[in-house]
There are 2 protein chains.
Amino acid sequence: MDVLQLPVSDEPVDDVAGPRHGATVNFIVERLRDAIVSGRLKLGARLVEGELTAEFRVSRGPVREALRRLAADGLIELVPHRGAIVRRLTRREIAELFQIRLELESLAARLAAADGDAARRRRFAADIAPIFEDRPRRVADYLCENAKFHEAVYALGNNEQLKVLAGRLQLPLIMAQVGNILTSDVLDLSVTEHRTIAAAILEGDPERAHAAMRTHLSRAAEMADAERGAEDC
Amino acid sequence: MDVLQLPVSDEPVDDVAGPRHGATVNFIVERLRDAIVSGRLKLGARLVEGELTAEFRVSRGPVREALRRLAADGLIELVPHRGAIVRRLTRREIAELFQIRLELESLAARLAAADGDAARRRRFAADIAPIFEDRPRRVADYLCENAKFHEAVYALGNNEQLKVLAGRLQLPLIMAQVGNILTSDVLDLSVTEHRTIAAAILEGDPERAHAAMRTHLSRAAEMADAERGAEDC
DNA sequence: CTACGAGGATTGTAGGACAATATCAGAGCC
DNA sequence: GGCTCTGATATTGTCCTACAATCCTCGTAG
């Protein structure tokens, strides 16, 4: 189980462990999160404290803390006296999360369009510039672009609480689990919708931004559900 | 600092500590949460691991874990090498949280009104019965009734993710910090609005329930903001 | 074949130790 | 007097070891 190792680690072994004092837990969380959303840790894989302490060369304290944090984010599930397992979202959970995301993100879009701060608007325009480029996109490219776009909307929306709450919606995990539906057609459509939303925000039309975001996410939710329905449950 | 002790504890001292194996952390979390929302722990009060271990007769492990959990819920703030302090929400944070709550809870109201499960509807009707009673309400009564009402809406809404997310919105904390605006007039108005919402849900009118909930929370948000504006910032 | 018990695996908690870091009081300097 | 620097103190961050509690598995007896 070396899926957790950094790409290159020929350095002395103790370099693999946490960086500075006070950052050990963060280090472990990030590594595990990355391993999960990237799929290196498969769904249902067990995470045992003992193995992780050996893997990261740290004591059980930080490991336990890291696991609790991942569990709070919903990436793993803690089973008492059994260990933690990488969580698989059920079809229903995905539907529910999309329903929530629909509300939160359309709110963010409306707030973003209504925001008057010039600096933030410039920042937004710069951040989302990539979506207007006409270039072929691979799935990985799109996922990255997509994450940045939605994040930029939240940032311009300027509601800090909303931003942190959205971060807890496990979007990366969802994407990882339904990512295989992203054909080139779907991808183009998504990019087009992003542009529509962005245009409404940049023109300062809150209601149009709100509606466009709802449309975008409704469609995404339906696709995810259809895909998930085909494959299980 | 005996604000954490249970009301009555004449029993042998070791009864104060955690109940059964595996519930220690929960025990500490609940006690601290209660102490915070009830106001026994004042805003800005320090929570030091060492004191808590002595207070609860447990080791640092569970205490640390409990603190992390409370911090994740936003009730306290962890300051590195300084300890944790009971968090005071800023005026802005409260406004932002209400904005989010407005969306989530009006979604819940719509879902609740649209839900067709007979058993859940019966359960809902039973749970909210108290709001239709015509009796004088003290603030504490209302707070309890209010919490139960909104919880019942979420339950009928039948979106599990939405329910857990709403639980992270620190409503009790907000209530504790703006609770002093609850005059008898305000209280009556809130009860009336609750009835309006409940009626729409019971009649199965999603849009009316949605709108009524928005009205209710918009008003509440304005009042909270006005109060907070007077007192600080 | 099933019930049951023994043992292993794993987490939950305890307690002690030391390192790292933030805070604070006081000494010394300007 | 006010300022800076330094040491002492407080507190968390991490590690270690040990044991208790619990769940799981597997072999055995009926």
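Protein chains get the first letters and strands the later ones, always in sequence-line order, with residue 1 at the start of each.
Nearest approach of B:Arg64 to B:Glu49, heavy atoms of both residues: NH1-OE2, 2.9 Å. Heavy atoms only, all atoms of each residue included: A:Val86 and A:Lys42 are closest at CB-O, 3.5 Å.
Axis orientation changes by 10° from one end of the helix from C:dC1-D:dG30 to C:dC30-D:dG1 to the other, with each end axis drawn from 5 pairs and the value rounded to 10°.
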* Under the side-chain hydrogen bond (donor to acceptor under 3.5 Å, both in side chains) rule, what do B:Arg92 and B:Thr90 come out as? Steps first, then yes or no, please. => CA-CA 5 Å; B:Arg92 171 168 181 174; B:Thr90 66; over 6 Å; no
* Would you check, one step at a time, whether the test side-chain hydrogen bond (donor to acceptor under 3.5 Å, both in side chains) holds for A:Asn146 with A:Arg137? => CA-CA 11 Å; A:Asn146 179 61; A:Arg137 289 166 169 79; over 6 Å; no
* Structure fact -> With sugar-phosphate taken as primed atoms, P, OP1 and OP2 and all else as base, the protein-contact string of nucleotides 9-20 of chain D at under 4.0 Å (heavy atoms; B, S, -) is --BBBBB--B--
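Taking the 5' to 3' direction, DNA chain C first and last meets chain A under 4.0 angstrom from a heavy atom at C:dT10 to C:dA20.
No side-chain heavy atom of A:Arg101 sits less than 4.5 Å from a side-chain heavy atom of A:Met213. Put simply, the side chain of A:Arg33 reaches to within 4.5 Å of the side chain of A:Asp73, judged on heavy atoms.
Legend: residues meeting side chain to side chain contact (heavy atoms under 4.5 Å, CB included) with A:Arg123, ordered by chain and number and at least two apart, are A:Asp127. Considering only residues two or more places apart in sequence or on other chains, B:Ser59 meets the side-chain hydrogen bond (donor to acceptor under 3.5 Å, both in side chains) condition with none of them.
Atom CD of A:Glu151 is surrounded by 12 or fewer heavy atoms from other residues, nucleotides or ligands within 6.0 Å.
For residues 70-127 of chain B, the set of pairs meeting the ring-ring contact (aromatic ring centres under 6.0 Å, His included) definition, not counting sequence neighbours, is empty.
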